[in-house]
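A short write-up of the structure that comes next.
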Amino acid sequence: MAKNPVKIMDTILRDAHQSQAATRMRLEDMLPACEILDKVGYWSLECWGGATFDVCMRFLNEDPWERLRALKKAMPNTKLQMLLRGQNILGYKHYADDVVEQFCKKSIENGIDVVRVFDALNDTRNMEAAIKFIKLYGGHCEVAISYTKSPVHSEEYFVKLAMKLEKMGADSICIKDMANLLLPYDAYSLVKKLKDNVSVPIHLHTHNTTGTGDMTNLMAIQAGVDIVDCALSPMANGTAQPATESLVATLQGTSRDTGFDLGLLSEAAAHFRTVADKLDIDPKVLKVDTNTLLYQVPGGMLSNLISQLKQANAQDKYYDVLAEIPRVREDFGYPPLVTPTSQIVGSQAVLNILAGERYKMVSKESKGLLKGEYGQLPAPVNEEVRKKAIGDEEVITCRPADLLAPEMDKYREESKEFAKSEEDVLSYALFPQVAEKFIKWRNAGGEAAEPVKEEAKAAAPVAQAAPAVQAAPAAASDNRVRTLIVEDLTGGNF
Ligand code: CO
């Protein structure tokens, strides 16, 4: 029997705690387990990017760059992986190419080996610069397909996209199923077709939100997937990834045996159990949520929807909003629901329902999306809606970043009073107020200033940073709408 071991990326240091514990795991919670993690033989350990960068500075008083260097030092034998939002880097707007270049360069210099790049719209032009610079500075460039379901997102669509990404230089292709919508038999079929048409390794990323994660991974493995994502058991399942140990045991003695030592994994798990206890995980995130399968709306988006409607005292509108989301998504050309499009579509659906009239109020972000500021939408948009939203304004059809002049010098100038390094300048470029406050606190010795305030844990990490979609003044007559500030309806689907 020819051996073809399944490779595993463990997400315990990034996506697992981002999905279950609002990204609150600290470096000091990670370091004691690093020696063991480094011995397991993982393909990579995901430990940076996503929401970690923002949360480090905003809530944990940690320098994200320092965290990365410390992890690299503690795990010299394992590739470290990060998640990068293409031209958005880790922020919520498009950055000029020189910022993308400097960020890729510094991430790799400070310890990142593998960068997973994605774009919410699967617009390859938004990933072009990142791909080029990751490769230029010696990183492994893994490019992700944002998986979703819609009349345009056929298997053929994804296979074509993957072939294009391979041509663009992808060293591996990731199927990024942030909402756990990819069902087991669909995973089998998609992976088979990708393996037939693409020669670089195929890497599957899913969650266990809808309870199908383990089955999806196993079917993908049967179809020949090269790498899958799992999380060590103390923070596995639910909104996070399926458990590492369960898959390792399942594959033992088969041609796809990982070769991992369950004893070592159990040692690492013992440590993270104490961390999970400390992080006080809401049991809700561990339950199977089949609404996602019914409404094709990511799980995190549903729970935030409920809390946003509660704020507006309009809980009774829950099912109306649920029904409105697919309509808005269709009007907007079927964007996959992932940050930031999930926030934009969700917020617009809420506005449509609460205003009592569709597109009476249109958020700034919805206008931007319809105007092409985020890139090309997967399908034609509803022109009537576009007209209502942006009038006769011209639609952008070029690569959005082509409209941006170099920005690094501007950020260097603006941060020169406190930035001590290019890394600090990049922190400032991505999160200006948060980084300035943090860096000044750090420069002052990190004790004198007031500690960074821990806000309501229930809020998702991106909730504080995502663009606030505010009700337009036109709605002032409606109190419920006026008080509604929809910040983030997704809970961060990464
Ligand atoms: Co994820």
Side-chain angles (χ1 to χ4, degrees), residues 8-25 42-55 80-86 88 90 114-120 122 142-149 172-183 187 202-214 216-217 220 225 227-232 235-244 247 281 285-286 288-289 292 296-304 336-343 460-463 465-466 488-494:
I8 293 181
M9 175 180 102
D10 207 298
T11 65
I12 186 77
L13 304 180
R14 206 283 298 178
D15 204 352
H17 69 100
Q18 179 170 331
S19 297
Q20 289 193 358
T23 332
R24 296 301 199 272
M25 200 190 287
Y42 288 120
W43 185 73
S44 70
L45 264 162
E46 190 189 37
C47 63
W48 215 60
T52 62
F53 198 95
D54 182 12
V55 172
L80 301 187
Q81 181 152 350
M82 72 168 293
L83 181 66
L84 185 85
R85 210 174 307 131
N88 294 167
L90 302 172
V114 183
V115 184
R116 177 180 289 169
V117 187
F118 80 99
D119 176 66
N122 286 316
E142 175 166 284
V143 190
I145 292 166
S146 297
Y147 183 80
T148 188
K149 290 185 171 181
S172 54
I173 300 282
C174 171
I175 306 165
K176 184 174 162 53
D177 177 27
M178 50 278 171
N180 191 205
L181 287 171
L182 177 62
L183 292 168
I202 305 296
H203 189 160
L204 175 62
H205 174 81
T206 189
H207 289 243
N208 224 349
T209 324
T210 67
T212 67
D214 295 273
T216 297
N217 275 343
V225 81
I227 315 159
V228 298
D229 288 354
C230 293
L232 274 170
M235 301 189 83
N237 296 318
T239 51
Q241 279 67 46
T244 311
L247 184 68
I281 294 165
V285 303
L286 301 173
V288 168
D289 182 352
T292 297
Q296 312 284 302
V297 170
M301 206 166 153
L302 293 171
S303 52
N304 276 280
L337 296 179
V338 62
T339 302
T341 42
S342 43
Q343 288 95 332
V462 289
D488 172 28
L489 294 162
T490 70
N493 301 288
F494 290 100

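As the structure lists them, so they are numbered: ligands from 1, and atoms in each ligand from 1.
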>> What is the name of the N/O/S atom of D15 that is nearest to the Co ion (ligand 1)?
In response: OD2
>> Checking C230 now: which residues fulfil side chain to side chain contact (heavy atoms under 4.5 Å, CB included) with it, not counting sequence neighbours?
In response: I8, N217, V228, T244, L247
> Does any N, O or S atom of D229, backbone or side chain, fall under 2.8 Å from the Co ion (ligand 1)?
Replying inline: no
>> For the backbone of D119 and the side chain of S146, can you confirm whether one donor and one acceptor N or O come within less than 3.5 Å of each other?
In response: yes
> If you measure from the Lys or Arg side-chain nitrogens to the Asp or Glu carboxylate oxygens, is any gap between R116 and D15 under 4.0 Å?
Replying inline: no
> With the Co ion (ligand 1) at the center, what angle do NE2 from H205 and NE2 from H207 span, rounded to 10 degrees?
Replying inline: 100°
>> Could you work out, with side chain to side chain contact (heavy atoms under 4.5 Å, CB included) as the rule, every residue matching A236, not counting sequence neighbours?
In response: A231, A243
